[in-house]
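Below, all heavy atoms of this structure are taken into account, side chains as well, without hydrogens, waters or symmetry copies. Below, chains carry the letters A, B, ... as their sequence lines are ordered, and counting in each starts from 1.
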There are 2 protein chains.
Amino acid sequence: MNPSEAMFSKNAGLTGLPGYALRRAANAMMADLAGRLASIDLRISDSAVLQVIGERTDMTSSEIGKVLEIQRANMAPLLDRLESAQLIRREPIDRKSQAVVLTQHGLEQLATIRRVVLEFEEDLMARIPARHRPHFLPALRALMD
Amino acid sequence: MNPSEAMFSKNAGLTGLPGYALRRAANAMMADLAGRLASIDLRISDSAVLQVIGERTDMTSSEIGKVLEIQRANMAPLLDRLESAQLIRREPIDRKSQAVVLTQHGLEQLATIRRVVLEFEEDLMARIPARHRPHFLPALRALMD
DNA sequence: CCACAATGCTATGTAATATAGCAAAAATAC
DNA sequence: GTATTTTTGCTATATTACATAGCATTGTGG
């Protein structure tokens with residue numbers, strides 16, 4: 001079934017449309033992941049930030065933002081939150097920039113995050129029938145730019 | 001590349017994770033569609049509601065909500081907005097329920113919506129490499145429930 | 001008939017994302 | 001080396017989707 005078939009057949013409703021299905025699947029996935037992260041008091045975007053600064057210790061706020069497509073304006077309160085929770089520290093690089101680095105507690109939480117996220121990702125893939133599975137990520141990446 | 005490979009290789013960053021890629025793809029898609037619908041002053045969820053009541057003229061607010069997974073509480077302001085825009089009317093069924101029906105203007109807008117959405121869906125599918133394309137919707141539907 | 005469920009709704013909160021603007025510092029162009 | 005432009009980090013605020021709690025009324029099944 002292609003989009004125009006889906007639009008004019010009332011069988012599947014809007015769920016026959018890939019764009020609509022994409023939205024619904026993403027919502028369900030986000031709710032699932034948010035639930036899993038709630039137990040460690042983190043939001044989805046918090047965990048994404050912690051994951052990227054887990055690799056490098058010299059990333060600035062705007063670099064993190066570029067990687068995750070989070071705008072500078074939104075990074076500020078996000079990092080404030082992580083700093084209040086003692087998960088990160090801001091360390092001056094020069095008089096303008098600052099590195100965002102994990103604290104000890106942040107490093108410990110990151111281990112948990114990695115476990116939770118990995119399990120989540122595996123559960124997600126497991127729900128996709130095997131023959132479609134290898135095509136899923138490549139298709140998404142084509143849509144991401 | 002499977003999730004655990006992706007989590008511990010810094011090549012792809014988080015975009016190697018299907019869940020993260022799903023979120024990013026959905027965001028990009030939503031922004032695109034929202035932009036296309038902005039020209040006719042509609043939100044994505046507005047257009048979804050108009051599309052479902054285009055098929056039947058006897059749906060109540062809560063039935064629409066069930067189909068689209070929009071909660072009753074959120075249907076009220078949404079329908080208010082569509083009613084102010086003269087796109088729908090609420091017609092009493094009994095003293096409790098009411099049918100949500102398209103006005104003449106709503107019917108005209110629906111034609112535009114269908115055109116815009118169909119074009120959007122086709123553009124979306126066109127961005128996915130052909131070999132992955134047939135697997136995309138089935139995979140998403142497996143994740144939706 | 002009466003307990004229970006459904007309907008439509010208000011009020012409110014949360015999360016992700018967006019825009020506009022700003023001061024200071026750094027990078028660059030000349 | 002000074003001048004212009006860009007970058008950085010930030011505040012304030014708005015938008016959109018979605019969530020929870022509660023409520024009065026009405027319909028329905030035992």
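- Within 4.0 Å (heavy atoms only), A:R72 reaches at least one base atom of the nucleic acid.
- Which of C:dA5, D:dA17, D:dT8 sits closest to the side chain of A:K66 comes down to D:dT8.
- Positionally, the nearest nucleotide of DNA chain D for B:N74 lies more toward the 5' end than for the other of B:N74 and B:D94.
- Between the side chain of A:K96 and the base of D:dT7, at least one donor-acceptor pair of N or O atoms lies under 3.5 Å.
- The side chain of B:S62 places an N or O atom within less than 4.0 Å of a non-bridging phosphate oxygen (OP1 or OP2) of C:dG8.
- Between the CE atom of A:M59 and the C1' atom of D:dT8 there is a distance of 14 Å, given to the nearest Å.
- Looking at heavy-atom distances under 4.0 Å, B:R95 makes contact with sugar-phosphate atoms alone, never a base.
- Within 4.0 Å of A:A31, counting heavy atoms only, lies no atom of the nucleic acid at all.
- Looking at B:R141 and A:R24, their side chains never come closer than 4.5 Å, going by heavy atoms from C-beta outward.
- Rounding to the nearest 0.5 Å places CE of B:M59 at 9.0 Å from CD1 of B:I53.
- Each of A:A76 and A:N27 was matched to the nucleotide of DNA chain D holding its nearest heavy atom; the match closer to the 5' end belongs to A:A76.
- Taking the nucleotide of DNA chain C with the nearest heavy atom to each of B:A73 and A:M30, the more 5' of the two is matched to B:A73.
- Transitive grouping of hydrophobic side chains (ILVMFWY, heavy atoms separated by less than 4.5 Å) keeps B:L68 and B:M144 in distinct clusters.
- In this model, the phosphate group of D:dA17 is approached by a side-chain N or O of B:R43 to a distance below 4.0 Å at OP1 or OP2.
- A 4.5 Å side-chain heavy-atom check between B:L37 and B:V116 finds at least one atom pair inside the cut-off.
- Looking at heavy atoms from C-beta onward, B:Q98 lies out of side-chain contact with B:T60 at the 4.5 angstrom threshold.
- Heavy-atom distances to DNA chain C give each of B:M75 and B:R23 a nearest nucleotide, and the one nearer the 5′ end belongs to B:M75.
- Backbone-only engagement by A:Q98 is indicated by non-hydrogen atom pairs under 4.0 Å involving sugar-phosphate atoms exclusively.
- Dashed line: the shortest gap from a side-chain N or O of A:S45 to OP1 or OP2 of C:dA16 is under 4.0 Å.
- The phosphate of C:dA18 (OP1 or OP2) has a side-chain N or O of A:Q71 nearer than 4.0 angstrom.
- When rounded to the nearest whole Å, the span between CD1 of B:I64 and P of C:dC9 equals 11 Å.
- Residue contacts shown for A:R90 are limited to sugar-phosphate atoms, with no base heavy atom under 4.0 Å away.
- Using a 4.0 Å heavy-atom cutoff across all strands shown, A:I44 reaches sugar-phosphate atoms only and no base atom.
- Within 4.0 Å of A:R81, counting heavy atoms only, lies no atom of the nucleic acid at all.
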